[in-house]
Q: 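Here it is, the structure, as C-alpha cells.
In what follows, chains are A, B, ... by sequence order, proteins preceding strands, each numbered from 1.
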Amino acid sequence: MLTGDIPPNQTIYIKNLNEKVKKEELKRSLYALFSQYGRIMDVVALKTPKLRGQAWVVFMEVTAASNAVRQMQNFPFYDKPMRIQYAKTKSDCVAKEDGSYDKKKKLEEKAERKQRAEEAQQSSRANGATAENGGSAAPFRQGKPSVKETVAPNNILFIENLPYEATSMMLEMLFQQYPGFREVRMIEAKPGIAFVEFEDDQQSSMAMQALQGFKITPQNPMTITFAKK
DNA sequence: AGCACA
C-alpha cells in the first residue's frame, strides 16, 4: 500500500505534484479539489528544493483525510497522478488548536534541520544554489461542516447551496466555459441543487477547482462534489 | 524521490 504503515492523520501528504504550477495557484486548486471531503484548516506548499512538488492538506477530521487518501489516490492533477499518504507528523495549525504547540521545541527542530543541512553541504564540498520562498496564510472559504460520504471522481458534478434564484441558464453560463462541458440538470422539486455533466472526470475536476465556493449571491458559496453514480 | 509549517 502506498500509505505504508503511516497511521491515519487529519493531514494528508501529497507528492508527485506538477512543479511548474505556481504556489498560490497550487494551494487554491488543492483547496478547491479537496474541500469536497470536508472542511480544510490549511494547505501548505513550499517551493524550496527539498519541498517542491509536495503539499499538505490539513482537514478538520481524520475521516475526511481518509476518504481523500483513498478516493483521490493517483488522480491526474495538472497532468500528473497525485500520490497521497497520511502526513507523518501533526501540522502546526492542529497543534496550535489543541494546545500542544511548543514554540521552543519548534525552534530546536528548526535549528537541528539547519545544522544537518550545513553538514551535508560541507561533506559534499560543493556549492549549490539556495532557494527560499515566502508564503502566508492559507485561503479560507465556507464549506460543509459535516463529514461526507465518499465519492470517487467522475464526470458529473453535484452542486449544492445554490440560491433559489439560480437557474440552469445561469449555471450553464458559468460551467460552459470549461472544456468538456455537456449539460446542466436541475430538478424542479429540489431547489438549491444541480448536476453538471462533463465528458470525463478530469474535465469535471478542473471545473470543480475553478468554481468551488463560487458565489452567485454573497450568501451562497456553492459546494461542488462529484455526483454519486 | 523528496514529510513542513517563511
Side-chain angles (χ1 to χ4, degrees), chain A residues 1-35 37-124 126-141 143:
Chain A
M1 188 104 133
L2 245 167
T3 54
D5 36 14
I6 303 165
N9 189 312
Q10 76 193 82
T11 303
I12 57 171
Y13 167 72
I14 310 167
K15 61 183 178 180
N16 197 41
L17 292 169
N18 190 325
E19 299 180 8
K20 284 174 288 197
V21 183
K22 307 240 192 349
K23 189 174 61 173
E24 285 314 317
E25 180 187 340
L26 181 69
K27 284 165 79 169
R28 257 199 8 255
S29 293
L30 287 171
Y31 190 98
L33 186 65
F34 281 99
S35 56
Y37 293 102
R39 194 92 155 92
I40 291 172
M41 290 173 64
D42 199 7
V43 176
V44 175
L46 292 285
K47 291 269 247 175
T48 57
K50 301 280 143 32
L51 295 170
R52 49 192 301 139
Q54 301 150 78
W56 290 261
V57 176
V58 188
F59 289 98
M60 297 257 275
E61 301 102 357
V62 187
T63 52
S66 302
N67 289 338
V69 169
R70 287 202 309 271
Q71 301 291 350
M72 296 306 281
Q73 195 62 258
N74 301 324
F75 186 74
F77 186 63
Y78 293 106
D79 300 320
K80 299 187 71 182
M82 291 192 278
R83 304 273 125 92
I84 313 175
Q85 303 170 353
Y86 291 114
K88 285 181 182 161
T89 57
K90 188 190 285 189
S91 296
D92 282 1
C93 69
V94 174
K96 279 169 185 161
E97 294 255 314
D98 70 17
S100 65
Y101 187 75
D102 183 345
K103 202 171 231 169
K104 219 163 278 175
K105 191 169 166 205
K106 209 66 213 176
L107 290 176
E108 285 168 16
E109 284 169 7
K110 199 153 215 167
E112 197 180 315
R113 273 201 302 272
K114 193 174 178 184
Q115 181 74 29
R116 205 143 299 203
E118 274 159 14
E119 282 167 11
Q121 185 82 346
Q122 288 199 331
S123 67
S124 77
N127 35 2
T130 48
E132 211 53 46
N133 215 330
S136 56
F140 268 89
R141 228 175 279 176

Q: Counting only side-chain heavy atoms from C-beta out, which of B/dA6, B/dG2, B/dC5 sits nearest to A/Gln54?
A: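 Nearest nucleotide to the side chain: B/dG2.
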
Q: May I have the distance from A/Tyr13 (atom OH) to B/dA1 (atom C1'), rounded to whole angstrom?
A: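 Spelled out: OH on A/Tyr13 to C1' on B/dA1 is 8 Å.
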
Q: Using whole Å, report how far NZ of A/Lys80 lies from C1' of B/dG2.
A: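 Taking atom C1' of B/dG2 as the reference, NZ of A/Lys80 is at 12 Å.
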
Q: Can you find a donor-acceptor pair, distance only, under 3.5 Å between A/Ser91 side chain and B/dA4 base?
A: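 A donor-acceptor contact between them is present.
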
Q: Expressed in angstrom and rounded to an integer, what is the separation of A/Ile6 atom CD1 from B/dG2 atom P?
A: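 Roughly 11 Å, once rounded to whole Å.
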
Q: In whole Å, what is the span from the CE atom of A/Met41 to the P atom of B/dA4?
A: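 Between P of B/dA4 and CE of A/Met41: 19 Å.
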
Q: Can you tell me how far P of B/dC5 sits from CG of A/Leu51, to the nearest Å?
A: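 Roughly 7 Å, once rounded to whole Å.
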
Q: Which listed nucleotide (B/dC5, B/dG2, B/dC3) is nearest to the side chain of A/Val44?
A: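 Between B/dC5, B/dG2, B/dC3, the one nearest the side chain of A/Val44 would be B/dC5.
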
Q: What is the distance, to the nearest angstrom, from the CD atom on A/Gln85 to the P atom on B/dA4?
A: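 Rounded to the whole Å, the gap is 13 Å.
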
Q: Over 60° means perpendicular and under 30° means parallel, so tell me whether A/Phe59 and A/Phe34 are parallel, tilted or perpendicular.
A: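 A/Phe59 and A/Phe34: perpendicular rings.
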
Q: Assign A/Lys96 to base, sugar-phosphate, or nothing according to its heavy-atom contacts below 4.0 angstrom with the strands shown.
A: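 The residue A/Lys96 makes no contact with any strand.
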
Q: Rounding to a whole Å, what distance do you find between A/Leu17:CG and B/dA4:P?
A: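 Going from CG in A/Leu17 over to P in B/dA4 covers 16 Å.
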
Q: Indicate whether the side chain of A/Ser100 and that of A/Lys90 have a donor and an acceptor atom separated by less than 3.5 Å.
A: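 On atom types as modelled, these side chains qualify, holding a pair under 3.5 Å.
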
Q: Assess whether atom CG of A/Asp79 is packed by more than 12 heavy atoms of other residues, nucleotides or ligands within 6.0 Å.
A: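 No.
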
Q: Applying side-chain hydrogen bond (donor to acceptor under 3.5 Å, both in side chains) between A/Lys80 and each of A/Asn74, A/Asn18, A/Asn16, report the one that passes.
A: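 Among the candidates, only A/Asn16 passes.
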
